[in-house]
2 protein chains.
Amino acid sequence: MLNMRSTDDLTARARIRDAALDLFGADGPDGVSVRAVAAAAGVSPGLVLHHFGSKEGLRRACDAHVVAVIRGADPDVLSDTSGLAAMLEAAAPVRRYLARALVDGSADAAALFDEIVTLTGAWLAEGTLEGWAQPSEDPQARAALYVSWLLAPLILESHLARALDVDDLHGMDATLRYSRVVVEMLTRGVFADARALTAWDAVKKERESR
Amino acid sequence: MLNMRSTDDLTARARIRDAALDLFGADGPDGVSVRAVAAAAGVSPGLVLHHFGSKEGLRRACDAHVVAVIRGADPDVLSDTSGLAAMLEAAAPVRRYLARALVDGSADAAALFDEIVTLTGAWLAEGTLEGWAQPSEDPQARAALYVSWLLAPLILESHLARALDVDDLHGMDATLRYSRVVVEMLTRGVFADARALTAWDAVKKERESR
DNA sequence: CAACCGATTGAACATCTGGTTAGCATGCTG
DNA sequence: CAGCATGCTAACCAGATGTTCAATCGGTTG
């Protein structure tokens, strides 16, 4: 057995982490036993604890790894949306894990979310000044919603795949297809006139008068 | 102890179901023990199984109850977007349970999702004909994405609340605030020119040439 | 009153959980 | 070579989990 921990990323430790990433991403940390991770990595259950101290430690290691992958991937493309773009480009297990961590309330995932919202807000503000983005009455909320909307396909993966009649939502075909519609909806909008806006005004007025 | 099972909705059975709804919605069925449900309902663990057969049976009962509540707004059929509205306006425990069931892959929640996507697709098609909705190159995908986007605040509740600096995302103030931005984004769009569309074209061409 | 039936309990069971420990093997270092 | 740290395993532990079961209680019915 070789002993190049820092360079070789295929050590038992890395294999355990990758297996955990995969399984945790599918069922959440609470739905996966240490033994299942060990089996998937081809090691004994004891080794998992030996390397990561505890199951919680393994979870933190997965969090850290995912954050590092997303932060570190292709920082040049698409200037300021790089975080988001990197996330969408990241390998499927990492993406699934991130989505799961977000709904499970992991602290690292939450911090990543906040960071991306901030970056997106700045990016959209710049776009507004340069004229390629619409101005917004509430830039903060818009940035948060924009990020949430791009995250939605990650989280609702299985439901969207069913609605679109595709097997793998994150295969290239399906990704191209739905991202096209996303761009279309974000460019032309969905509603063609202001009646949704006036409907909202009516709701607000009614609620305020109560 | 009274014995009016069918009429009184505060029987032990109903209390167990409500407690389970609450706890399952917070941590998912796998994160909650039968004993915890029993304790929250003020009964013994055995009674939970006596009434629902198994934990899985209890989960199914929760699913059925939530679906019934959502459908109950419009007893016969869901019309247009009323299902979506009912989901977003439902009481907090129901809302949380639904969000959790969607990401956990419950069959009933998935069926509800599909149904709402279909209704939304029909609604948007009608709008396209009547002129108040934009035409779409891919109506099926648009309907699915539209539903996903409106569901996103449900699922990412805590993260959005943090980004918007509000305590309760589904309180009236916050709801009015972010729904305003949703309407704004869906009416005016986010991008002011076609460069996102052309960027997508470039990506597609590049990937196809590979 | 007696028989019965559903609601309800508490204890028990087998299983699985995360975690600990002792020990083995191997490779580095003196 | 001896000494030692380290990767790794197997056995084991205490606790929690879902489920089962015998027994009790209370109201209804014969």
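So that the names make sense, note that chain A is the first sequence line, chain B the second, and so on, each numbered from 1.
Nearest nucleotide to the A:R35 side chain, out of D:dG18, D:dC12, C:dA7: D:dC12.
For A:H50 and D:dC8, the shortest distance from a side-chain N or O to OP1 or OP2 is not below 4.0 Å. For A:S54, no side-chain nitrogen or oxygen approaches OP1 or OP2 of C:dG18 to under 4.0 Å. Taking 4.0 angstrom as the limit, B:H51 places a side-chain polar atom (N or O) nearer than this to OP1 or OP2 of C:dT8. Listed pair B:S33 / D:dA16 fails the phosphate criterion, with no side-chain N or O lying under 4.0 Å from OP1 or OP2.
Look at CD1 on B:I16: it is 11 Å from P on C:dA7, rounded to the nearest Å. Rounding to whole angstrom units, CD of residue B:E56 and C1' of D:dT17 are separated by 16 Å. Rounded to an integer number of Å, the gap from B:K55 NZ to D:dT20 P is 14 Å. Nucleotide D:dG18 holds its P atom 12 Å from the CG atom of B:L23, rounded to whole Å.
In this structure, B:T187 contributes its side chain and B:E184 its backbone to no donor-acceptor pair below 3.5 Å. Remark: the backbone N or O of A:A144 is not paired with any side-chain donor or acceptor of A:W149 at under 3.5 angstrom. A distance-only check finds no donor-acceptor pair linking the side chain of B:R142 to the backbone of A:M185 [under 3.5 Å]. Side-chain atoms of B:R177 come within 3.5 Å of backbone N or O of B:L164 as a donor-acceptor pair.
Non-hydrogen atoms lying under 4.0 Å from DNA chain C are contributed by A:L49, all within residues 36-49 of chain A.
Between A:H159 and B:F113, the ring planes are tilted. Angles from 30° to 60° get that label.
Under the rule for a side-chain contact (heavy atoms from CB on, under 4.5 Å), the partners of A:V34 that lie at least two apart in sequence or sit in another chain are A:V48, A:L49, A:K55.
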